Amino acid sequence: MMQGTYYKEWSRVLGREMEFKVYGTAGVPVLALPARGGRFYDWENNGMPDAVASLLNTGKVQLFTADGIDAERLRTGDVSPRRRAELQEKYFCYLTGELAARIRELNGDADALLWCVGVDTGAVQAVNCRLRRPEVFAGAIGLSGLYDVCRFLGSAEDDLVLRNAPLAYLPEGIVDAKVFAKAEENHLLLCAGQGGYEEDAQADTRALAAALAAASIPAHCEIWGSDVSHDWYWWGKELNIFAERVFGRDQEKTHA
């Protein structure tokens, strides 16, 4: 099992220590987001770095596994929907501001454009980073994504919920499609299966693909077979294929 370098650093935005791990020493910096209720170490414990080991070992990718705050953001029943939305927005600012800057520093390229990848609820974080901060993130991969964040945060009539709900904000035209006019289809890769516990993820993935198409934002969506379930085994296989497709060739910096 591939093991990364551990970091624990103070987040001014979140007002707490945040942990993360780094795998590889060079290449395109890829921010990895955990599943619902998950932690930064879940990626290593479930063999995800091993799924892209060839890219890590050849310096084509450097993987950064972020910690989550779902204990406060999603899973605490006595926290009001507005407070959950506030925590989500702070987490977004942490990912796209503090952690992104630290990733560039560790990567050694101050101008590097990041990619992001997420599984389960981590997938909506990844897509949200790409759509809202395209000047920071060149692309995103969402695996078994649960993109209807209203089921966790409340109504999108709340402005903070809306900012973090791609299914709600894409039809509103909040994202400027012109920014993505030159982007390749593979700048947004979505995948879900049709097996066990994939019902919500499959429905949400299809809905997001349709919303992106309606907004004229290119994306690539794959729905895998009935044996593909909502678990790390399949996410590793999906990541291996999509990462090789995107990063297996020589990369050029793009601000699309």
Side-chain angles (χ1 to χ4, degrees), residues 13-14 18 31-40 42 66-97 99-100 116-134 136-137 139-177 180 188-193 197-215 217 219 221 223 230 235:
V13 172
L14 294 172
M18 292 294 288
L31 171 62
L33 287 312
R36 181 175 14 171
R39 300 292 307 280
F40 69 97
D42 291 340
D67 211 355
I69 60 168
D70 283 354
E72 299 97 324
R73 188 176 60 89
L74 297 181
R75 296 165 66 93
T76 305
D78 58 352
V79 174
S80 70
R82 177 65 183 185
R83 177 57 179 160
R84 294 184 190 189
E86 290 172 348
L87 288 170
Q88 164 57 34
E89 182 66 12
K90 286 184 178 182
Y91 185 59
F92 172 81
C93 292
Y94 162 72
L95 294 176
T96 60
L99 186 55
C116 41
V117 56
V119 299
D120 188 78
T121 54
V124 72
Q125 302 288 356
V127 170
N128 198 37
C129 286
R130 167 56 175 159
L131 293 178
R132 288 182 60 185
R133 295 296 302 276
V136 177
F137 294 92
I141 301 172
L143 306 177
S144 296
L146 298 174
Y147 300 108
D148 183 4
V149 300
C150 296
R151 62 165 65 96
F152 304 112
L153 300 180
S155 173
E157 292 182 2
D158 184 304
D159 64 312
L160 289 182
V161 176
L162 181 63
R163 291 181 202 176
N164 292 281
L167 285 178
Y169 66 60
L170 282 168
E172 297 295 325
I174 292 175
V175 173
D176 185 358
F180 303 97
L188 275 176
L189 289 160
L190 311 175
C191 186
Y197 304 102
E198 278 285 81
E199 293 86 356
D200 288 342
Q202 182 191 160
D204 283 10
T205 297
R206 292 183 186 276
L208 180 60
L212 288 164
I217 297 175
C221 178
I223 303 297
H230 196 84
W235 296 334

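On a predicted model such as this, the values are computed, not experimentally measured, just so you know.
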Please list every donor-acceptor pair under 3.5 Å in which a side-chain atom of residues 166-176 meets a protein atom from a residue at least two apart or in another chain.
unit_1	atom_1	unit_2	atom_2	d
Y169	OH	N128	OD1	2.7
D176	OD1	K178	N	3.0

If you take all heavy atoms of [X] and [Y], which pair is closest and at what distance?
X    : Y    : answer
V161 : G154 : CG1-O, 3.5 Å
S155 : C150 : C-SG, 4.4 Å
T205 : A192 : OG1-CB, 3.6 Å
G142 : A123 : CA-CB, 3.7 Å
L162 : A156 : CB-O, 3.4 Å
D42  : G38  : OD2-CA, 3.1 Å

Could you check if a side-chain atom of [X] sits within less than 4.5 angstrom of a side-chain atom of [Y], using non-hydrogen atoms only?
X    : Y    : value
Y94  : I69  : no
L99  : M18  : no
C129 : V136 : no
Q125 : Y91  : yes

Measure the [atom1]-[atom2] distance between [X] and [Y] for me, rounded to the nearest 0.5 Å.
X    : Y    : atom1 : atom2 : value
T121 : Y147 : OG1   : OH    : 10.5 Å
N164 : L87  : CG    : CG    : 11.0 Å
L208 : L146 : CG    : CG    : 11.5 Å
R130 : T96  : CZ    : OG1   : 14.0 Å

E86 with K90: basic N within carboxylate O range, under 4.0 Å: no
Any salt bridge linking D70 with R39? Criterion: basic side-chain nitrogen under 4.0 Å from a carboxylate oxygen. no
What pairs with D200 under salt bridge (charged side-chain N to carboxylate O under 4.0 Å, His left out), at least two apart in sequence or on another chain? none
Can you name the residues that form a salt bridge (charged side-chain N to carboxylate O under 4.0 Å, His left out) with R132, not counting sequence neighbours? E89
Ignoring hydrogens and angles, tell me if any N or O in the side chain of D120 forms a donor-acceptor pair with the backbone of R36 under 3.5 Å. yes
Keeping the roles fixed (side chain from R84, backbone from L153), state whether a donor-acceptor pair exists under 3.5 Å. no
By side chain to side chain contact (heavy atoms under 4.5 Å, CB included), which residues pair with [X], not counting sequence neighbours?
X    : value
R206 : Q202, I223
E199 : none
A126 : L33, C116, A140

Please name the residue in the list L188, V119, V127, L189 that meets the side chain to side chain contact (heavy atoms under 4.5 Å, CB included) test with I141. L189
Pairs meeting criterion salt bridge (Lys or Arg N to Asp or Glu O under 4.0 Å) with involvement of residues 148-157, two or more places apart: R151-D204
Between D158 and the options R163, R83, R82, the salt bridge (Lys or Arg N to Asp or Glu O under 4.0 Å) test singles out R82
Residues two or more places apart in sequence or in another chain: which of them pass ring-ring contact (aromatic ring centres under 6.0 Å, His included) with F40? Y6
